[in-house]
Structure formats: C-alpha cells, structure tokens
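As the structure lists them, so they are numbered: ligands from 1, and atoms in each ligand from 1. Just so you know, residue 1 is the first one in the sequence shown, and it goes up from there.
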Amino acid sequence: MDISLDIYSPTQPIESKLFADKGIKVFIKRDDLIHPIISGNKWRKLKYVLQQAQAQNKTHLVTFGGAYSNHLLATAAAAAKFGFKATGIVRGEEVENDTLFLCKLHGMQLIFTDRESYRDKQALFNKFFADNGQAFFIDEGGASAEGAKGCSELVDELTETYDHIFCACGTGTTAAGVINGIAKNNLPTQFNAIPVFKNGEFMKVEIDRFLTAPANYSLHLDYHFGGYGKTTPELINFIKQFVVDTGILIEPIYTGKMLYAIFDLAAKGHFTPGSKILAIHSGGIWGLLGMKDKFNRDLADF
Ligand SMILES: *Cc1c(COP(=O)(O)O)cnc(C)c1O
C-alpha cells in the first residue's frame, strides 16, 4: 500500500485590529486540516517513519505517549488506515479518557506503565516485543530524523515568503524540520520556536539534534503558561476569543500558546511594520478533550 495522504493545508490570513494597527500581516498554515485524526504535524512526522516500517516489512507499530497524547491517537489512526497493527505504551496507571477511547476505537492495544519504567522506551520495547520480528519502534512524539524530514515539506508548500514563521514545540522535531526546510529553500525567514514547557532552554538541544546544518532561530521561553499541559485563565480567554473571532479551533497545550505569543509580541512592537508572519497550525485539537473542565469553569461568563 502506498503510504501517503493528499495534503490539504491552505494558508489563510488572520484578521485582527492589533495586526492592522501594527502594520503587520499574519497568516496561518492550516495543517490541522490535513486529516481529522492524523492531524497536522503528526502526519508529517509519521509519513517517512511508516514508509520505513513498510520497507522493513514491519507490520506492528509500537509507540509511546501520555494518556492525552496526540501522537498516540495519530499513530492509532494511521495504523488503521495503512494496515498496521498498533500498540501504545501509555505513561502512568491505567485510566480511561476520550483520547484513549479513540485510540482503542482505531484498534490500538494499550499497555499502561509506571512513570519510572516509562523513562526507558527502548527497554520497554524490548520487554514486550524483543521476540516479535514484526514490531517497529516509534519514539515518543514521533521524534526522529524521518519526522523532521516530513515536517520540512511544509516549507516546500509555501507560495509566499514570510519574515517570520512560528511553531509550538514539544519534542522539537517539527521545528527542526521547518528550519531545515527554510534552509533548503534558501528563504530569508526567521524561525520562532515556542516551547510549551517551563524552562524551555533545553529545547535548543532537542531541535539541534535534527538540524541538517547549524541554524539561527529564536526561542521564546515566556509562553509556557506554567508548563506542559498547564493553562491560565488568560490563555483560556485568549483561546475562546480567537476561536470566536476566526472560526479556527485551537487548544491550550500547543497552538493556543503559540498564537498567544504572536499576539503578545505584536502588542509589544516586536515586529517591524510591514512584516509578514506565518503561524503553523500544527493540529492537535483533540487535546481540547483533556481540557474541557478548564473551559467549562468560565464559559458561563463569556
Ligand atoms: C505534538 C504537537 C506539537 C509538538 O510537535 P513536536 O514536533 O513534538 O515539537 C505541536 N503542536 C501540536 C498541535 C501537537 O499535537
């Protein structure tokens, strides 16, 4: 079977009085529209990984994630679509939630593991699959050089040149791929990474692992909102306003933080008037399923 998807990821303007006042233009690349479940950067990261599995005649994908992992869900759906078996090794004690429900619905087997064992992914893989010649290891979050290669193709699709590109970072694979794509296409674009973790300086090491050549880019460390999976009422209110104003769904774990950063930097005069800025909508809106209570708390007064 040919492992590919027809990519539908248009670039659309984001209208806002703030951007008009500052004389900047902001666009969003809708990678969230690539697939309803294998969305955004998760498909881009999986594409060459699955092709590699297929080339090695592996039929069983084994990967890792937290209980709300978009990567687990994307892998489950991609496995179903392209005819693989899939096992997800899930961090933490056994739970049920909407994400894992969807993983199981796509046929993924789940193995829950304590946080201590979870640290050593290769050891876990060996523990359960050492004797299974069909099993294929995919790292947490799809972090890999193949993943970065898939993400670099996002840049090949651009038909205009931007002064800035912004992307949220978890493993840094998507950022690395986009930076590689900027270099490959000889673009004058400044890349801006928004780590979604507290103390995100370490993201530079993570990104640099997958760069094809050393590159300069900006890390904005102040948009973590307390850390991974953490939010504040300010972020939640920003997301609600953004969704109402644009009709584009975003979530608090990744894309909400990245877009908040663009609005905040614009308000602070960070961008030269005339700048063109591209936000990457890396998908992941299923992450909202784990955050419903955060929204419900004050949806009433919105
Ligand atoms: C997984 C995810 C990311 C993080 O991508 P990395 O390549 O791991 O840095 C960013 N945005 C969304 C929506 C995601 O689901």
Counting the benzene-type ring for Trp, do Phe19 and Phe27 have ring centres under 6.0 Å apart?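 No, they do not, as the ring centres are separated by 6.0 Å or more.
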Acceptor/donor pairs from residues 280-292 side chains to any protein atom, 3.5 angstrom cut, sequence neighbours excluded:
from	atom 1	to	atom 2	distance (Å)
His281	ND1	Gly283	N	3.1
His281	NE2	Leu249	O	2.7
Trp286	NE1	Pro36	O	2.7
Lys292	NZ	Asp98	OD2	2.8

Look at the side-chain heavy atoms of Ile, Leu, Val, Met, Phe, Trp and Tyr, link any pair under 4.5 Å apart, and say whether Leu154 and Leu46 land in one connected group.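 No, no single cluster joins them.
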If only atom types and distance count, is the side chain of Asp163 paired as donor or acceptor with the main-chain N or O of Lys276 below 3.5 Å? yes
Only pairs at least two apart or in different chains count here, so list each side-chain hydrogen bond (donor to acceptor under 3.5 Å, both in side chains) that has a residue in residues 208-227.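 Matches after skipping sequence neighbours: Asn180-Thr212, Gln190-Ser218, Asn192-His220, Lys204-Asp208, Glu206-Arg209, Asp208-Tyr217, Tyr223-Asp264.
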Can you tell me which residues line ligand 1 if we count any heavy atom under 4.0 angstrom from one of its atoms, in chain and number order? Asn41, Lys42, Lys45, Asn70, Ala168, Cys169, Gly170, Thr171, Gly172, Thr173, Thr174, Tyr254, Ser282, Gly283, Gly284
Residue list, side-chain contact (heavy atoms from CB on, under 4.5 Å) with Thr232, at least two apart or on another chain: Phe225, Glu234, Leu235
